[in-house]
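Since the structure comes first, as structure tokens, the remarks are kept for the end.
All residue numbers refer to positions in the sequence shown, counting from 1.
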Amino acid sequence: MIRVLIAGLGNMGMAHALAHHHHADATVVGLVNRSGKVDHPELAGYPIFTDYDTALAQTKPDLVVIATYSDSHAEYACAAMEAGAHAFVEKPLATTVEDAHRVVDTAIRTNRKLVVGYILRHHPSWVRLIDEARALGGPYVFRMNLNQQSSGAEWDTHKALMQTTSPIVDCGVHYVDVWCQITDAKPVRVHGMGLRLSDEIAPDMYNYGQFQVVFDDGSVGWYEAGWGPMMSETAFFVKDVVSPAGAVSITETDKSGSSDVDGHTKVGGLLVHRPDGDEVIDLPDEPGHQALCDAEQDFMLRAITQNLDLTRHMQDAVQSLSICLAADESIRTGQPVSLKEVTP
């Protein structure tokens with residue numbers, strides 16, 4: 001039985017805690033939440049801590065699931081692995097490339113498993129999209145976005161996230177990770193631009209951004225993300241991969257609105273276009289958000305028990321973060337950013 005400590009009980013942390021609560025091979029030994037409270041009745045019986053270091057020392061977990069704000073991810077992950085625990089870290093892995101490398105280096109040195117919370121890696125429809133795109137062959141054009149028209153509590157959550165992370169980093173790493181799985185090419189240059197569209201966020205933060213990436217095989221990618229009550233819901237969810245042999249596109253999404261969490265992963269159907277004809281692939285009965293978090297944590301547990309090789313997983317995590325942080329740097333400086341090769 002793997003002993004699990006959960007740090008952070010927001011939307012993602014709560015879902016991960018429930019995943020381990022119901023998993024036959026895991027037992028939750030503690031929850032960390034700054035308020036010292038647990039709102040979900042199924043989790044009410046577990047020990048609750050307000051201090052992470054205290055929880056880590058007292059519970060002595062085999063695995064720590066880190067779903068706190070981004071600026072604590074690297075420190076918490078390294079502390080967990082130095083204490084002998086494996087680590088699951090919600091995206092982004094860190095807030096700097098240097099810290100991301102430090103976390104990966106710690107995993108390698110301590111021989112601990114490190115998994116980053118890229119939920120789309122566990123979604124069968126997104127796996128199918130990646131397989132179909134790879135079958136077409138590159139070079140590729142990637143066209144993806146996720147704009148969220150948020151208000152009330154959702155806008156409050158976005159404003160809290162923007163205290164440490166911009167939308168293009170927080171959301172962008174998911175989709176850039178998809179690009180990294182489709183092409184084995186290396187990113188070489190990133191161009192970004194963004195705009196602060198609200199006085200409710202810090203003067204040095206922006207809630208709308210977009211960037212372009214050039215890869216060494218000629219592939220190019222475009223990503224766009226915006227948060228807030230001013231965002232349009234027209235074309236807020238574009239997911240397109242184009243190659244000389246055709247294109248793969250998501251054709252249907254959840255109609256519940258751009259701020260709905262389940263809608264961010266829904267595919268519904270794929271359109272595979274080739275010059276000799278089109279193929280529509282229906283993908284019914286897709287997993288919801290909790291089912292995907294269950295799958296993520298099941299993978300984490302199998303990585304430990306089956307000693308899975310996570311070298312490519314860690315490399316892709318650093319590379320996707322490097323691209324998005326380079327885009328953030330480009331937006332802030334007004335200059336394109338060249339990228340160095342990423343190795344684990």
**OP:** Take C293 and H289 through the side chain to side chain contact (heavy atoms under 4.5 Å, CB included) test and state the conclusion after the steps.
**Re:** CA-CA 6 Å; C293 290; H289 184 259; 3.7 Å; yes

Subject >> Contacts of R302 that satisfy side chain to side chain donor-acceptor pair (under 3.5 Å) - sequence neighbours left out >> reply: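 D298.
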
Subject >> Any residue meeting side chain to side chain donor-acceptor pair (under 3.5 Å) with Y206, in chain and number order, not counting sequence neighbours >> reply: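 Counting only residues at least two positions away or on another chain, Y206 forms a side chain to side chain donor-acceptor pair (under 3.5 Å) with S166, D328.
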
[X] (side chain) donor-acceptor with [Y] (main chain) under 3.5 angstrom:
| X | Y | value |
| --- | --- | --- |
| R189 | P336 | no |
| K239 | N145 | yes |
| Q149 | S232 | no |
| D282 | G269 | no |
| H21 | V28 | no |
| R274 | L136 | no |
| S243 | G137 | yes |
| D216 | K186 | yes |
| D217 | P139 | no |
| S320 | A317 | yes |

**OP:** Report the C-alpha separation of L310 and L114 in whole Å, then their side-chain angles, then the decisive distance to 0.1 Å, and conclude whether the side chain to side chain contact (heavy atoms under 4.5 Å, CB included) test is met.
**Re:** CA-CA 7 Å; L310 298 176; L114 170 67; 5.5 Å; no

Side chain to side chain, [X] and [Y], heavy atoms closer than 4.5 Å:
| X | Y | answer |
| --- | --- | --- |
| M162 | W227 | yes |
| R112 | E82 | no |
| M230 | N207 | yes |
| Q290 | M14 | no |
| H313 | L308 | no |
| V141 | D240 | no |
| D177 | Q319 | no |
| L56 | P61 | yes |

Of all the heavy-atom pairs spanning [X] and [Y], show the shortest one and how long it is.
| X | Y | answer |
| --- | --- | --- |
| R121 | D316 | NH2-OD2, 2.9 Å |
| V173 | Y118 | O-CE2, 3.5 Å |
| I331 | G209 | CD1-CA, 4.3 Å |
| P287 | P124 | CG-CD, 3.9 Å |
| S219 | Y140 | OG-N, 2.8 Å |
| P92 | L321 | CB-CD1, 3.7 Å |

**OP:** Give a yes or no on whether D276 atom CG has more than 12 heavy-atom contacts from other residues, nucleotides or ligands under 6.0 Å away.
**Re:**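 Count over threshold, so yes.
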
Is a side-chain donor-acceptor pair under 3.5 Å present for [Y] with [X]?
| X | Y | value |
| --- | --- | --- |
| E224 | Y208 | yes |
| Q212 | H191 | no |
| S72 | Y52 | no |
| Q297 | H20 | yes |

**OP:** Could you walk me through whether V104 and L93 pass the side chain to side chain contact (heavy atoms under 4.5 Å, CB included) test, one step at a time?
**Re:** CA-CA 9 Å; V104 171; L93 175 58; 4.2 Å; yes

Original post:
Is the W126 ring parallel, tilted or perpendicular to the Y175 ring (thresholds 30°, 60°)?
Top reply: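 Aromatic pair W126/Y175 classed tilted.
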
Original post:
Do the ring planes of F142 and W179 sit parallel (below 30°), tilted (30 to 60°) or perpendicular (above 60°)?
Top reply: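 If you compare the ring of F142 with that of W179, the planes turn out parallel.
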
Look at the side-chain heavy atoms of Ile, Leu, Val, Met, Phe, Trp and Tyr, link any pair under 4.5 Å apart, and say whether [X] and [Y] land in one connected group.
| X | Y | value |
| --- | --- | --- |
| I281 | I182 | yes |
| V238 | L283 | no |
| I48 | L18 | yes |
| V89 | I108 | yes |
| W222 | F211 | no |

Original post:
With L43, which of I6, L31, N33 fulfils side-chain contact (heavy atoms from CB on, under 4.5 Å)?
Top reply: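 Passing option: L31.
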
Original post:
Would H16 and M300 satisfy side chain to side chain contact (heavy atoms under 4.5 Å, CB included), going step by step from the backbone distance to the final call?
Top reply: CA-CA 11 Å; H16 294 317; M300 178 75 248; over 6 Å; no

Original post:
Any Lys/Arg nitrogen of D99 or R102 sitting under 4.0 Å from an Asp/Glu carboxylate oxygen of the other?
Top reply: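 Looking at D99 and R102, the cut-off is met.
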
Original post:
Is it true that R134 and D184 make a salt bridge, defined as a side-chain N closer than 4.0 Å to a carboxylate O?
Top reply: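 D184 and R134: salt-bridged.
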
So how far is it from [X] [atom1] to [Y] [atom2], rounded to the nearest 0.5 Å?
| X | Y | atom1 | atom2 | answer |
| --- | --- | --- | --- | --- |
| N111 | H86 | CG | NE2 | 8.0 Å |
| L9 | D39 | CG | CG | 8.5 Å |
| S125 | I130 | OG | CD1 | 11.0 Å |
| M12 | E296 | CE | CD | 5.5 Å |
| Q148 | T157 | CD | OG1 | 10.5 Å |
| D170 | H158 | CG | NE2 | 7.5 Å |

